[in-house]
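Structure record follows, encoded as C-alpha cells.
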Amino acid sequence: MCGIFGYSGNKNSNDLVFNGLKRLEYRGYDSWGIAVLDGNKIYQYKDIGLVKQNPKLKKLPKSNVGIGHTRWATHGGVTKTNAHPHISTNGDFTLVQNGMVENFDALKRELRKDGYKFESQTDTEVIVKIVERELKKNISFKKALMTAFKRLEGRNTVAVLDAKSNKIYAIKNGSPLVVGIAKDGIYLASDSLSFSPHTKKIIVLDDYDMVEIDGKDYVVSNIKDGKKKKPEIRTLKYQYEDIDKGKYPHFMLKEIVEQQRTILYATDYNEKELEPLVKQIRKSRKVYLLGAGTAGFAAGQIAFFLRTIAKVDAMEIKSYEFKSYLPVISSKDLIIAISQSGETADTIEPLEVFKKEGCKIASIVNMYGTTISRMSDYEYYTNAGPEICVASTKVFTAQSAWGYLLSMTLAGKYKTARSKLKKLTKSLDEMFSKKSFNYIKNKICKTLVDKEHFFILGKGENASIAYEGALKIKEISYKHVEGFSAGELKHGVIALIEKGTPVIGIIPSGEHMDDSKDLISGMEQVKARGALTIGIGASEYSGLEIFDYYISTPQINTLGSIANVIPFQLISYFLSVLLGNNIDKPRNLAKSVTVK
Ligand code: F6R
C-alpha cells in the first residue's frame, strides 16, 4: 500500500506534492511526509494522521522539485520517525518506498555488523543504508541506488530525491509507478489519478524500470540490462479535474448515489468491443474469476451470471487461495481478474503463475494503466471514475453489471441486457430518495446501532450479495456481521440466533427462482427464535408479518441482485454516521492492498 508522489518542473512542487498526497491518501493514511530541495539542501516535513496543512509545512522553502509519501504501516508503528521520506545520514538524499522488503531482517543484521545504526523500525531505512554503503565505493549515485535495489526481495518501488544532482530517481518492482508528462514538468506517482488535473499523458513503468527525472526531462532505463528504453506514452480517456465530495458529506454517499450512472458507464461496450472476449470464453475449457475482498464477491456474482445466463463453466477463485487450483488448471482455461485498483498483490501473484501455465488472462479494472490491465490479453475497464472511499460501492455494482452484460452477450441477448440495465438504473431513483434515506437511517440503523452481531442470508443470485453486504457493514461500522447462504441456516448458523439478533434476508422475486420461498421460510425460522428481521428485495413480500423492517428494491430479472446490494451500502453508511466513525477512511484499511 502507501502512496508515492514526485514532481520536477517549473511549478511550485510543495503545493503539487501536498495535493498529490491528498489524492493518494486512500492508499494509506496513518502518516505522511514531504521532501523538497532548496539549492543543494533537502528540507522535509513529516506528520502522523491525515495529510493536512501546518505552519511548519508552510515554512519549507519553495521548490520546483520534491517527493512525498503517504504511509500504511507495515514495519514499525505509526510515528513521525517511521514516516517517509527517510533521509541519509549526511542529508544528501532522501527516499520513500511503497511495498515490503521481505529480506529486511537479514539485510538489517548485515548492515548492523558493518556498524550502521537505525533510527526507525522501517524496512525503508535499510534501503537508505545500503545506498550509503554503496556510495562509499566512490560510484555514482545512480549506480549505488541500482545496486541497493537489486538486493531487495519482495515487491518494492522507491523514489529518491538526490540533492547533489537535483534529480529524482525512481525504480519500480511490483508496486505501481506511473510517470505523468505535462507541459510544466514531470509527475511521478503510484497512480495516474493523483496527477490527473495536470496531464492525460502517462507512462506506466515496467518492473525493474528506473526513471531519472532532471528538471522537465526524463530518461527511462531497465536496471537489469542497464539499457535505455523508449517507453510507450499512453493518453488517458478521462481526466478528473476535481475530486471532491460535491454536495455530499462523505465520498461514500456520493459514490453510492453515483451508481445510477456508473452501472451504465461500466456497460458502455458495444458487441464488437466484447467480441474478442466472448470468442475466447467460447473456446475456453473453463473460466475462473479471480478477486479478493469485494472484488472476490464480484467474481462470485459474475461467475453466477456466466453459469446461469450463458451456461459457461465458470467459478470464482479467491486470489489468495489460488495454489490448490494449480494441479487442475490448464492452458485451455481463461482467467478473468476483477479489481478496482488493478494493483492488488494477492491478485497479481496468481495471475503471474497462471500466465506461466499458458492461461489467457482477461481483466475488468477501474484504474487505468495498472499492473493487472497490462498483464491481460483482454483489457476492460469499469470506467466508474475515482472511487475515493476505501470501502468499495460503485465499483462492485459496475463489475457485476459488466459481468451481466458479458453473460447476456454470450447468450445472444446483448440488446435485452442493455435495455434492462437502463431500466435498472432508472428504477434506482426511489432508493436514493429522502424518504428511503430517512427510513434506513432513522428506523433501521437507529435500531441496529446498539447491536453487536448481525447475520445476512442470501441464496443463488443473492449469495455473493450477502457476503458483500456483510463486508460492507463490517468495514465501516466495525460491527460483527456475517453473510451466509440461506441454505446454511439449519446446518449450524441458527444456533447463533437469540432474542433481538438482527437477521437481514435478501428476498428475490418469486417470478424467476424458487429461492424466495427458501428465504421466507428461513426468515420465519429465525423470527420464531426472536430475531429482529429485516427484508431487502422484492416488494411483493414487503407486507409480510415476519419482517420488522423491509426495503423494497427493483427486481428486473436477475439484475435485482445488483440492486439488492445498495441497501447494505446505505445501512453501512448511515449506521457508521450514527456511530461517529471515519466513513471514508475506516481504521486499519487501505484502498489498494499492494502488499501480501
Ligand atoms: C472492500 C474493498 C476490498 C477490495 C480488495 C481488492 O470494500 O474494497 O475488499 O475489494 O482489497 O481490491 P481491488 O479491487 O483493488 O483488487
Side-chain angles (χ1 to χ4, degrees), residues 1-3 24 26-28 72 98 155 174-176 190-191 193 250-252 255-256 259 262 266 289-302 316-322 335-351 361 363-376 380-384 386-400 402-403 464-465 467-478 481 483 565-566 568-573 576 581-596:
M1 349 263 239
C2 305
L24 283 170
Y26 71 85
R27 299 179 66 88
W72 188 87
N98 171 201
R155 295 174 188 276
S175 305
S190 302
D191 72 23
L193 190 64
H250 300 99
F251 279 108
M252 185 175 187
E255 287 159 11
I256 292 173
Q259 290 179 106
T262 50
L289 287 297
L290 192 68
T294 290
F297 299 137
Q301 194 62 22
I302 298 173
E316 82 262 36
I317 303 182
K318 299 286 175 221
S319 309
Y320 42 82
E321 290 292 353
F322 76 98
I335 314 292
I336 307 183
I338 321 294
S339 178
Q340 188 285 129
S341 65
E343 299 294 350
T344 302
D346 278 332
T347 305
I348 293 171
E349 189 192 6
L351 284 181
I361 310 287
S363 61
I364 176 82
V365 171
N366 196 45
M367 302 286 272
Y368 298 93
T370 63
T371 307
I372 292 178
S373 319
R374 283 162 56 90
M375 290 172 82
S376 308
Y380 292 89
Y381 291 95
T382 28
N383 293 324
E387 191 180 61
I388 304 298
C389 175
V390 167
S392 185
T393 52
K394 63 176 177 176
V395 173
F396 175 82
T397 50
Q399 291 159 338
S400 305
W402 175 85
S464 294
I465 304 300
Y467 310 140
E468 168 57 9
L471 177 62
K472 211 74 315 150
I473 304 177
K474 264 180 221 167
E475 278 180 293
I476 319 195
S477 72
Y478 317 137
V481 193
V565 81
I566 296 172
F568 290 101
Q569 300 170 347
L570 289 168
I571 291 175
S572 165
Y573 175 74
S576 309
N581 293 351
N582 188 344
I583 308 279
D584 290 329
K585 297 188 177 80
R587 71 183 181 204
N588 304 339
L589 297 174
K591 182 86 184 148
S592 181
V593 189
T594 56
V595 292
K596 290 223 311 150

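Each residue takes its place number in the sequence, starting with 1. We count ligands from 1, going down the list as the structure has it; atoms in each ligand are counted the same way.
Considering only non-hydrogen protein atoms, atom 9 (O) of ligand 1 sits nearest to T294 N, 3.0 Å. The closest protein non-hydrogen atom to atom 12 (O) of ligand 1 is T344 OG1, 3.3 Å. Of the protein's heavy atoms, A292 O, 3.3 Å lies nearest to atom 5 (C) of ligand 1.
Side-chain N/O atoms of E468 and T294 include a donor and acceptor closer than 3.5 Å.
In the vicinity of E475, heavy-atom distances shorter than 4.0 Å reach the ligand 1 atoms 1 (C), 2 (C), 7 (O). Taking every non-hydrogen atom of S392 and a distance limit under 4.0 Å, the qualifying atoms of ligand 1 come out as 7 (O), 8 (O). If you number the atoms of ligand 1 from 1 as listed, the ones under 4.0 Å from a heavy atom of A391 come out as 7 (O). Contact atoms of ligand 1 toward Q340: 13 (P), 14 (O), 15 (O), 16 (O) (distance under 4.0 Å to a heavy atom of the residue).
Heavy-atom separations between V390 and ligand 1 include at least one value shorter than 4.0 Å. Remark: distances from the non-hydrogen atoms of K472 to ligand 1 include one below 4.0 Å.
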Query - ring pair (Phe, Tyr, Trp, His ring centres under 6.0 Å) assessment of Y381 paired with Y368 - result: CA-CA 8 Å; Y381 291 95; Y368 298 93; 4.8 Å; yes
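In this structure, the side chains of E343 and M367 stay at 4.5 Å or more apart for every pair of heavy atoms.
Not one N or O of T347 is nearer than 3.5 Å to an N or O of ligand 1, by distance alone. At a 3.5 angstrom cut-off on N or O pairs, A295 counts as close to ligand 1.
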